[in-house]
Amino acid sequence: MKQRTDDLQQRGLASALAVLDEEGVTALTTRTVARRAGASVPAIYEVFGDKAGIVREVYFEGFRLLAERLAAVPMTTDPLEALRRLAEAFRRFILDHSVLAEVMFARPFADFDPTQDEVRAGVAVRKIFVDHARYAVERGHFHGDPTDIALIFFTVVEGLTGAEKANRLGSSKQSANRRFRLGINTLIAGFARSVPE
């Protein structure tokens with residue numbers, strides 16, 4: 001029984017991710033997930049509870065995939081270059097999975113309000129950013145609290161990429177790339193100087 005439930009949960013999650021990727025947020029319903037998973041609607045309800053339960057699993061999976069992507073960025077001997085690569089990996093994740101990123105960061109579903117458990121899903125991602133920021137501080141490249149630096153860095157990358165998705169960094173890939181790099185390099189330069197609190 002547990003094996004069948006686990007199998008349906010995996011199929012349901014894969015179906016939900018496919019619906020988001022191919023059809024967008026408005027198409028994510030229990031019925032569409034059930035259809036794609038080759039299951040009945042009651043079976044999907046039994047496994048996920050309700051639509052919010054499906055969104056909750058998508059939310060967790062999004063942060064798991066993001067952490068996996070970011071963890072693959074090596075901590076090189078140059079902490080600043082490592083941070084640039086981390087920023088680019090985060091940017092690529094958001095651009096490659098734009099609707100999933102919307103679920104993770106914009107919370108487009110009125111019936112899904114993350115609890116503390118869901119908020120903790122981002123801890124692994126936060127730790128990766130903090131570890132990179134701490135490395136830059138320890139090597140004398142940055143001044144300040146690594147957690148503060150990491151959270152600001154994360155927020156700026158997310159914001160720049162959101163602007164890029166909305167074509168606010170320019171209409172060409174070349175201009176978006178240039179402005180994204182300019183933003184990240186300006187942020188890095190700012191943290192390289194001691195800034196009063």
Inset, instruction - If a pair satisfies side-chain hydrogen bond (donor to acceptor under 3.5 Å, both in side chains) and one of its residues is in residues 12-25, list it, with sequence neighbours excluded. - result: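 Qualifying pairs, neighbours excluded: E22-R36, E23-R36.
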Would you say [X] and [Y] make side-chain contact, with heavy atoms under 4.5 Å?
| X | Y | value |
| --- | --- | --- |
| V25 | E102 | yes |
| I44 | L8 | yes |
| E138 | P79 | no |
| D6 | Q10 | no |

If you round to the nearest 0.5 Å, how far is [atom2] of [Y] from [atom1] of [X]?
| X | Y | atom1 | atom2 | value |
| --- | --- | --- | --- | --- |
| R56 | L13 | CZ | CG | 12.5 Å |
| L66 | I128 | CG | CD1 | 7.5 Å |
| L20 | T26 | CG | OG1 | 9.5 Å |
| R31 | S40 | CZ | OG | 10.5 Å |
| L65 | F60 | CG | CZ | 13.5 Å |
| L100 | F105 | CG | CZ | 8.5 Å |

Membership question, hydrophobic clusters at under 4.5 Å side-chain separation (ILVMFWY): are [Y] and [X] in the same one?
| X | Y | value |
| --- | --- | --- |
| L151 | L83 | no |
| V156 | L169 | yes |
| L187 | V130 | no |
| V47 | Y45 | no |
| L86 | F93 | yes |

Grab the two heavy atoms, one from [X] and one from [Y], that are nearest each other, plus how far apart they are.
| X | Y | answer |
| --- | --- | --- |
| V157 | R91 | CG1-N, 4.2 Å |
| A87 | F153 | CB-CE2, 3.8 Å |
| P74 | R85 | CG-NH1, 4.3 Å |
| Y59 | M104 | CE1-O, 3.5 Å |
| A89 | V73 | CB-CG2, 3.7 Å |
| V137 | P146 | CG2-CG, 4.3 Å |

Inset, instruction - Applying salt bridge (charged side-chain N to carboxylate O under 4.0 Å, His left out), name anything that partners D131, two or more places apart in sequence or on another chain. - result: K127, R134
Inset, instruction - Would you please name every residue forming a salt bridge (charged side-chain N to carboxylate O under 4.0 Å, His left out) with R84, sequence neighbours left out? - result: E81
Inset, instruction - Would you please classify the geometry between the F129 ring and the F90 ring as parallel, tilted or perpendicular, with 30° and 60° separating the classes? - result: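 Perpendicular: the ring planes of F90 and F129 meet at over 60°.
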Inset, instruction - Scan for salt bridge (charged side-chain N to carboxylate O under 4.0 Å, His left out) pairs involving residues 168-181, sequence neighbours excluded, and state none if there are none. - result: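 Residue pairs passing salt bridge (charged side-chain N to carboxylate O under 4.0 Å, His left out), neighbours aside: E164-K173.
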Legend entry - Pairs involving residues 59-79, ordered by first then second residue, that meet salt bridge (charged side-chain N to carboxylate O under 4.0 Å, His left out) (sequence neighbours left out): E61-R64, R64-E68, R69-D96
Inset, instruction - Only counting residues at least two apart or in another chain, list the ones meeting side chain to side chain donor-acceptor pair (under 3.5 Å) with T77. - result: none
Legend entry - Donor-acceptor under 3.5 Å (T32 side chain, L28 main chain):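 Here the side-chain-to-backbone pair does not exist.
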Inset, instruction - Would you please indicate yes or no on a ring centroid separation below 6.0 angstrom for Y135 and F142? - result: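 For F142 and Y135, the ring centres are not under 6.0 Å apart.
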Inset, instruction - Output, in order, the C-alpha distance, side-chain angles, deciding distance and verdict of side-chain contact (heavy atoms from CB on, under 4.5 Å) for T161 and L95. - result: CA-CA 7 Å; T161 309; L95 294 176; 3.8 Å; yes
